[in-house]
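Reading through the structure tokens given below for one structure.
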Amino acid sequence: MNNIIDGIDYGPLAALVGTWKGDKGMDVAPEPDGTEENPFYETILFEAIGDVTNAESQTLAVLRYHQVVSRKSNDNVFHNETGYWSWDSQTDVIMQSLTIPRGVCVLAGGVAKIEDSIIVLDVQAAVGNKEWGIIQSPFMQENARTNEFYHNVTIDGDTMSYFETMVLDIYGKTFEHTDGNTLSRSN
Ligand code: HEM
């Protein structure tokens with residue numbers, strides 16, 4: 001596979017570049033009296049934006065992404081997320097930094113595995129983890145804290161599936177908020 005775009009090697013992240021659409025999503029979200037399940041469809045756009053150098057010694061190849069998720073039941077957008085995926089060719093470390101408009105930011109780190117041209121990206125973060133952390137507003141820390149974040153993405157040609165788990169502390173209990181979908185590249 002050719003991972004070079006405009007002269008920059010994006011390694012395993014090159015497989016993500018493009019616009020992806022999928023309508024088989026399922027969200028499991030917390031409610032005061034239990035659980036809400038929301039079938040959804042979404043579009044995720046990944047763009048190669050070049051590389052950055054840190055401390056004149058680390059070079060990261062970077063994709064910017066934007067994910068827009070709509071509830072099937074009423075077509076309302078109910079999740080809007082933006083961020084970056086980065087790859088360090090020297091260490092093979094990958095990072096996902098994301099922001100959601102609830103007052104929550106995540107910097108998750110991990111590795112990419114490539115087997116038989118299938119690419120698996122695995123990143124995670126947790127409150128209290130010194131390397132890969134979660135930052136959230138005072139309100140969210142008090143009332144709807146995200147304590148852990150796990151994200152697994154599998155890319156097989158023009159098909160991508162992902163599953164993510166956010167371990168929340170909300171309504172006086174621990175809740176596993178999960179999302180997953182299978183998408184196809186549309187360009
Ligand atoms: C496809 C991705 C996602 C979808 C569709 C989604 C959807 C939802 C929904 C429907 C709720 C319940 C909102 C309500 O009851 O008013 C919720 C709550 C929440 N989500 Fe997500 N979510 C996604 C990803 C994420 C991610 C990546 C994070 C954090 C890293 C996150 C953090 C939270 C938190 C902290 C809450 C609790 C707020 C509340 O219920 O009042 N979610 N999400």
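One-based numbering, in listed order, for ligands and for the atoms of each.
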Subject >> E164 contact mode with ligand 1 (heavy-atom cut-off under 4.0 Å) >> reply: side chain
Original post:
Side chain of D51, backbone of A61: donor and acceptor closer than 3.5 Å?
Top reply: no
**OP:** With heavy atoms of D179 as the reference, note each atom of ligand 1 found under 4.0 Å away.
**Re:** 1 (C), 2 (C), 3 (C), 4 (C), 5 (C), 6 (C), 22 (N), 23 (C), 24 (C)
**OP:** Would you check whether E81 reaches within less than 4.0 Å of ligand 1, judged by its heavy atoms?
**Re:** yes
Subject >> Numbered atoms of ligand 1 (with element) below 4.0 Å of V106, judged on heavy atoms >> reply: 30 (C)
Original post:
Are side-chain heavy atoms of W20 and T43 found at a separation under 4.5 Å?
Top reply: no
Subject >> Side-chain donor/acceptor of D9 to backbone N/O of G11, under 3.5 Å >> reply: yes
Original post:
Is there a nitrogen or oxygen of H177 sitting under 3.5 Å from a nitrogen or oxygen of ligand 1?
Top reply: yes
Original post:
Under 3.5 Å, side chain of D116 to main-chain N/O of I118, donor-acceptor pair present?
Top reply: no
**OP:** Give the residue, atom name and distance (to 0.1 Å) of the protein heavy atom nearest atom 9 (C) of ligand 1.
**Re:** A29 CB, 3.5 Å
Original post:
So, the side chain of S186 versus the backbone of T19: is there a donor-acceptor pair under 3.5 Å, distance only?
Top reply: yes
**OP:** Could you establish whether Q136 and ligand 1 come within less than 4.0 Å of each other, counting only heavy atoms on the residue side?
**Re:** no
Original post:
Do the ring planes of H151 and Y162 sit parallel (below 30°), tilted (30 to 60°) or perpendicular (above 60°)?
Top reply: perpendicular
**OP:** Enumerate the atoms of ligand 1 whose separation from the nearest heavy atom of I170 is less than 4.0 angstrom.
**Re:** 37 (C), 39 (C), 40 (O)
Original post:
Going by the atom numbers of ligand 1, which of them fall below 4.0 Å from some non-hydrogen atom of I100?
Top reply: 28 (C), 29 (C), 31 (C), 32 (C)
**OP:** May I ask you to decide if V28's main-chain N or O and H177's side chain share a donor-acceptor pair within less than 3.5 Å?
**Re:** yes
Original post:
Which of the atoms of ligand 1 are close to T146, meaning less than 4.0 Å from one of its heavy atoms?
Top reply: 35 (C)
Original post:
With atoms numbered from 1 as shown, which atoms in ligand 1 lie under 4.0 angstrom from a non-hydrogen atom of N38?
Top reply: 10 (C)
Subject >> E36 neighbourhood, listing ligand 1 atoms whose heavy-atom distance to it stays under 4.0 Å >> reply: 10 (C)
Original post:
Out of M140, R102, H79, whose heavy atom sits nearest atom 17 (C) of ligand 1?
Top reply: R102
Subject >> Top protein contact for atom 7 (C) of ligand 1, by heavy-atom distance >> reply: D27 OD1, 3.3 Å
Original post:
How about atom 42 (N) of ligand 1: does it have a protein heavy atom within less than 4.0 Å?
Top reply: yes
Subject >> Exercise: identify the closest heavy-atom pair between G25 and N181 >> reply: N-OD1, 2.9 Å
Original post:
Would you say H151 contacts ligand 1, with heavy atoms under 4.0 Å as the rule?
Top reply: no
**OP:** Look at the side chain of R102 and the backbone N and O of Q136, then say whether any donor-acceptor pair between them is shorter than 3.5 Å.
**Re:** no
**OP:** Run the contact test for E31 against ligand 1 with a 4.0 Å cut-off on heavy atoms, strictly below, and give the result.
**Re:** yes
Subject >> Distance-only polar pair, side chains of N38 and R71, donor-acceptor under 3.5 Å >> reply: yes
**OP:** Enumerate the atoms of ligand 1 whose separation from the nearest heavy atom of Y162 is less than 4.0 angstrom.
**Re:** 1 (C)
Subject >> Nearest-neighbour protein heavy atom for atom 36 (C) of ligand 1, which is reported as residue plus atom name and distance >> reply: L168 CD1, 3.8 Å
Original post:
With no hydrogens and no angle check, is any side-chain donor or acceptor of T82 less than 3.5 Å from a backbone partner on Y65?
Top reply: yes
Subject >> Donor-acceptor pair, side chain of N129 and main chain of W132, under 3.5 angstrom >> reply: yes
